[in-house]
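Since the structure comes first, as C-alpha coordinates, the remarks are kept for the end.
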Amino acid sequence: MKLVSACLLGFNVRYDGKNKLNKKVLKLSQKEELIPVCPEIFGNLKIPREPAEIRGKRVIAQSGKDITKQFQKGAKMVLAIAKSFKIKEAIFAQDSPSCGCGRIYDGTFSGKKIKGDGICTQLLKKNKIRVKSI
(Lines give C-alpha, C1' and ligand atoms only; values in the text may rest on other atoms or scores of the structure.)
Protein backbone atom coordinates (compact mmCIF):
# COMPACT_ATOMS: atom_id res chain seq x y z
CA MET A 1 0.00 0.00 0.00
CA LYS A 2 1.30 3.45 -0.96
CA LEU A 3 0.19 7.06 -0.82
CA VAL A 4 -0.14 8.80 -4.16
CA SER A 5 -0.86 12.38 -5.22
CA ALA A 6 -4.55 12.37 -6.14
CA CYS A 7 -3.84 14.43 -9.27
CA LEU A 8 -1.67 11.58 -10.64
CA LEU A 9 -4.74 9.31 -10.54
CA GLY A 10 -6.79 11.82 -12.53
CA PHE A 11 -8.53 13.72 -9.73
CA ASN A 12 -8.99 17.40 -10.65
CA VAL A 13 -7.40 18.82 -7.49
CA ARG A 14 -4.48 20.84 -8.83
CA TYR A 15 -4.32 24.62 -8.31
CA ASP A 16 -5.66 25.12 -11.86
CA GLY A 17 -8.56 22.70 -11.34
CA LYS A 18 -6.94 20.10 -13.57
CA ASN A 19 -5.15 16.81 -12.98
CA LYS A 20 -1.78 15.34 -13.86
CA LEU A 21 -2.97 11.84 -14.82
CA ASN A 22 -0.01 9.50 -15.08
CA LYS A 23 -0.46 6.23 -16.97
CA LYS A 24 2.25 4.44 -14.95
CA VAL A 25 0.50 5.34 -11.69
CA LEU A 26 -2.88 4.36 -13.11
CA LYS A 27 -1.43 0.98 -14.17
CA LEU A 28 0.15 0.55 -10.72
CA SER A 29 -3.29 1.15 -9.14
CA GLN A 30 -4.52 -2.02 -10.84
CA LYS A 31 -1.81 -4.09 -9.13
CA GLU A 32 -1.32 -2.35 -5.81
CA GLU A 33 -3.50 -0.55 -3.30
CA LEU A 34 -2.95 3.21 -3.56
CA ILE A 35 -4.38 5.86 -1.26
CA PRO A 36 -4.94 9.17 -3.10
CA VAL A 37 -4.08 12.28 -1.09
CA CYS A 38 -3.90 16.00 -1.76
CA PRO A 39 -2.22 17.95 1.06
CA GLU A 40 -3.40 21.26 -0.37
CA ILE A 41 -7.05 20.20 -0.28
CA PHE A 42 -6.53 18.71 3.21
CA GLY A 43 -5.22 22.16 4.20
CA ASN A 44 -8.58 23.70 3.16
CA LEU A 45 -7.32 25.33 -0.02
CA LYS A 46 -9.91 25.62 -2.76
CA ILE A 47 -10.04 24.31 -6.34
CA PRO A 48 -9.03 26.24 -8.35
CA ARG A 49 -6.61 28.30 -6.27
CA GLU A 50 -3.75 30.69 -6.79
CA PRO A 51 -0.43 29.18 -7.77
CA ALA A 52 1.91 28.93 -4.78
CA GLU A 53 5.64 28.44 -4.40
CA ILE A 54 8.06 27.96 -1.53
CA ARG A 55 10.11 31.01 -0.66
CA GLY A 56 12.60 30.20 2.08
CA LYS A 57 10.59 28.29 4.67
CA ARG A 58 7.25 29.89 3.73
CA VAL A 59 4.65 29.01 1.10
CA ILE A 60 3.54 32.13 -0.72
CA ALA A 61 0.60 32.46 -3.12
CA GLN A 62 1.19 34.44 -6.30
CA SER A 63 -0.67 37.41 -4.77
CA GLY A 64 1.85 37.46 -1.90
CA LYS A 65 -0.42 35.87 0.71
CA ASP A 66 1.38 33.53 3.13
CA ILE A 67 -0.39 30.14 3.06
CA THR A 68 2.25 28.15 4.93
CA LYS A 69 -0.18 27.12 7.69
CA GLN A 70 -2.59 25.55 5.20
CA PHE A 71 0.25 23.56 3.62
CA GLN A 72 1.50 22.42 7.03
CA LYS A 73 -2.02 21.36 8.08
CA GLY A 74 -2.46 19.30 4.92
CA ALA A 75 0.97 17.70 5.34
CA LYS A 76 0.12 16.69 8.92
CA MET A 77 -3.10 15.07 7.71
CA VAL A 78 -1.21 13.10 5.07
CA LEU A 79 1.29 11.97 7.71
CA ALA A 80 -1.56 10.85 9.97
CA ILE A 81 -3.01 8.76 7.11
CA ALA A 82 0.43 7.26 6.42
CA LYS A 83 0.91 6.34 10.06
CA SER A 84 -2.57 4.87 10.47
CA PHE A 85 -2.04 2.56 7.47
CA LYS A 86 1.67 1.93 8.28
CA ILE A 87 2.64 3.25 4.86
CA LYS A 88 6.33 3.37 4.01
CA GLU A 89 6.26 4.95 0.53
CA ALA A 90 4.58 7.76 -1.39
CA ILE A 91 4.48 8.61 -5.08
CA PHE A 92 4.01 12.34 -5.49
CA ALA A 93 3.69 14.91 -8.28
CA GLN A 94 7.00 16.55 -9.20
CA ASP A 95 7.60 20.30 -8.70
CA SER A 96 4.66 20.88 -6.33
CA PRO A 97 5.13 23.11 -3.27
CA SER A 98 3.48 20.37 -1.22
CA CYS A 99 4.45 17.13 -3.00
CA GLY A 100 7.59 17.95 -4.97
CA CYS A 101 10.52 15.64 -4.27
CA GLY A 102 14.00 16.76 -5.22
CA ARG A 103 12.76 19.64 -7.37
CA ILE A 104 10.40 22.56 -6.77
CA TYR A 105 9.80 26.01 -8.22
CA ASP A 106 12.17 28.69 -6.90
CA GLY A 107 9.59 31.02 -5.31
CA THR A 108 9.74 33.77 -7.96
CA PHE A 109 6.84 32.53 -10.14
CA SER A 110 9.19 32.71 -13.12
CA GLY A 111 9.02 29.00 -13.96
CA LYS A 112 12.57 28.40 -12.73
CA LYS A 113 13.07 25.16 -10.79
CA ILE A 114 15.56 24.43 -8.02
CA LYS A 115 16.55 21.49 -5.86
CA GLY A 116 14.21 21.06 -2.93
CA ASP A 117 11.23 19.26 -1.46
CA GLY A 118 7.63 20.33 -0.94
CA ILE A 119 6.18 20.81 2.54
CA CYS A 120 4.45 17.42 2.69
CA THR A 121 7.44 15.58 1.25
CA GLN A 122 9.71 17.17 3.87
CA LEU A 123 7.42 15.98 6.68
CA LEU A 124 7.10 12.45 5.32
CA LYS A 125 10.87 12.13 4.86
CA LYS A 126 11.45 13.33 8.45
CA ASN A 127 9.19 10.45 9.49
CA LYS A 128 11.14 7.89 7.44
CA ILE A 129 8.60 7.53 4.65
CA ARG A 130 10.18 7.21 1.20
CA VAL A 131 8.93 9.69 -1.36
CA LYS A 132 9.48 9.55 -5.08
CA SER A 133 8.19 11.96 -7.68
CA ILE A 134 6.69 11.45 -11.09
Side-chain angles (χ1 to χ4, degrees):
M1 189 178 302
K2 296 177 183 168
L3 295 179
V4 66
S5 292
C7 62
L8 295 175
L9 284 171
F11 292 92
N12 295 323
V13 294
R14 286 172 38 94
Y15 76 94
D16 58 6
K18 297 179 182 174
N19 66 65
K20 207 173 184 180
L21 180 63
N22 183 286
K23 289 181 182 174
K24 287 181 185 177
V25 174
L26 200 55
K27 196 171 190 175
L28 180 63
S29 73
Q30 296 168 353
K31 300 175 189 172
E32 193 171 337
E33 206 168 344
L34 302 177
I35 299 175
V37 296
C38 180
E40 295 174 31
I41 299 305
F42 292 168
N44 295 329
L45 294 169
K46 300 196 180 329
I47 307 168
R49 57 191 169 275
E50 276 188 90
E53 295 186 6
I54 296 175
R55 193 177 300 154
K57 293 188 185 274
R58 313 301 301 165
V59 182
I60 307 298
Q62 198 165 26
S63 66
K65 182 179 179 187
D66 186 331
I67 53 174
T68 306
K69 285 183 181 178
Q70 290 92 325
F71 273 70
Q72 290 170 336
K73 177 185 178 187
K76 287 175 186 172
M77 289 183 76
V78 171
L79 178 61
I81 291 167
K83 285 182 173 182
S84 69
F85 286 97
K86 295 180 175 61
I87 291 180
K88 300 291 182 202
E89 187 174 345
I91 302 169
F92 279 173
Q94 186 64 281
D95 307 327
S96 160
S98 54
C99 295
C101 180
R103 188 178 75 202
I104 56 173
Y105 288 99
D106 72 351
T108 64
F109 297 95
S110 64
K112 184 180 176 197
K113 296 173 188 173
I114 57 171
K115 285 184 178 184
D117 291 329
I119 301 298
C120 188
T121 295
Q122 291 173 33
L123 184 61
L124 293 183
K125 284 182 170 183
K126 282 180 190 171
N127 285 272
K128 298 182 179 17
I129 297 169
R130 289 183 308 277
V131 181
K132 60 182 179 180
S133 279
I134 291 185

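As the structure is a prediction and not an experimental result, all values here were calculated from the model.
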Within residues 60-72 or reaching into it, pairs that qualify as salt bridge (charged side-chain N to carboxylate O under 4.0 Å, His left out) - sequence neighbours excluded: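 Checked against salt bridge (charged side-chain N to carboxylate O under 4.0 Å, His left out) - neighbours excluded - the pairs reaching residues 60-72 are Arg58-Asp66.
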Salt bridge (charged side-chain N to carboxylate O under 4.0 Å, His left out): pairs with one or both residues in residues 4-17, sequence neighbours excluded: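 Those involving residues 4-17 are Arg14-Asp16.
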Any side-chain heavy-atom pair from [X] and [Y] closer than 4.5 angstrom?
X: Leu3; Y: Ile91; answer: no
X: Lys83; Y: Asn127; answer: yes
X: Phe92; Y: Val131; answer: yes

Gap separating the [atom1] atom of [X] from the [atom2] atom of [Y], nearest 0.5 angstrom:
X: Ser133; Y: Arg103; atom1: OG; atom2: CZ; result: 8.0 Å
X: Glu53; Y: Ile114; atom1: CD; atom2: CD1; result: 9.0 Å
X: Phe109; Y: Arg55; atom1: CZ; atom2: CZ; result: 6.0 Å
X: Ile60; Y: Ile54; atom1: CD1; atom2: CD1; result: 10.5 Å
X: Leu124; Y: Cys99; atom1: CG; atom2: SG; result: 8.5 Å

Trace of the side chain to side chain contact (heavy atoms under 4.5 Å, CB included) decision for Phe11 with Asn19: CA-CA 6 Å; Phe11 292 92; Asn19 66 65; 5.7 Å; no
Residues which pass side-chain contact (heavy atoms from CB on, under 4.5 Å) with Asn22, listed by chain and number, not counting sequence neighbours: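 Only Leu8, Lys24, Val25, Ile134 meet the side-chain contact (heavy atoms from CB on, under 4.5 Å) criterion with Asn22.
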Residues clustering with Tyr105 (ILVMFWY side chains joined when closer than 4.5 Å, directly or via others):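 Its cluster partners, ordered by chain and number, are none at all.
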Closest heavy-atom pair and its distance - [X], [Y]:
X: Ala6; Y: Val13; value: CB-CG2, 4.1 Å
X: Gly118; Y: Ile104; value: N-CG2, 3.8 Å
X: Ala82; Y: Ile129; value: CB-CD1, 3.6 Å

ILVMFWY network linking Val4 to Ile87, side-chain heavy atoms under 4.5 angstrom: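 No, separate clusters.
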Qualifying side chain to side chain donor-acceptor pair (under 3.5 Å) pairs with a residue from residues 109-123, counting only residues at least two apart or across chains: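 Applying side chain to side chain donor-acceptor pair (under 3.5 Å) to every pair that reaches into residues 109-123, excluding sequence neighbours, yields Asp95-Lys113, Thr108-Ser110, Asp117-Lys125.
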Under 3.5 Å donor-acceptor pairs involving side-chain atoms of residues 72-81, not counting sequence neighbours:
none

Non-neighbouring partners of Gln62 that pass side chain to side chain donor-acceptor pair (under 3.5 Å), sequence neighbours left out: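 By the side chain to side chain donor-acceptor pair (under 3.5 Å) rule, Gln62 matches no residue at all.
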Any residue meeting salt bridge (Lys or Arg N to Asp or Glu O under 4.0 Å) with Glu89, in chain and number order, not counting sequence neighbours: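 Counting only residues at least two positions away or on another chain, Glu89 forms a salt bridge (Lys or Arg N to Asp or Glu O under 4.0 Å) with Lys2, Arg130, Lys132.
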Atom pairs and distances, donor-acceptor, side-chain atoms in residues 29-47, under 3.5 Å, two or more places apart:
from  : atom 1 : to    : atom 2 : distance (Å)
Ser29 : OG     : Leu26 : O      : 2.5
Glu40 : OE1    : Arg49 : NE     : 2.9
Glu40 : OE1    : Arg49 : NH2    : 2.8
Glu40 : OE2    : Ser98 : OG     : 2.8

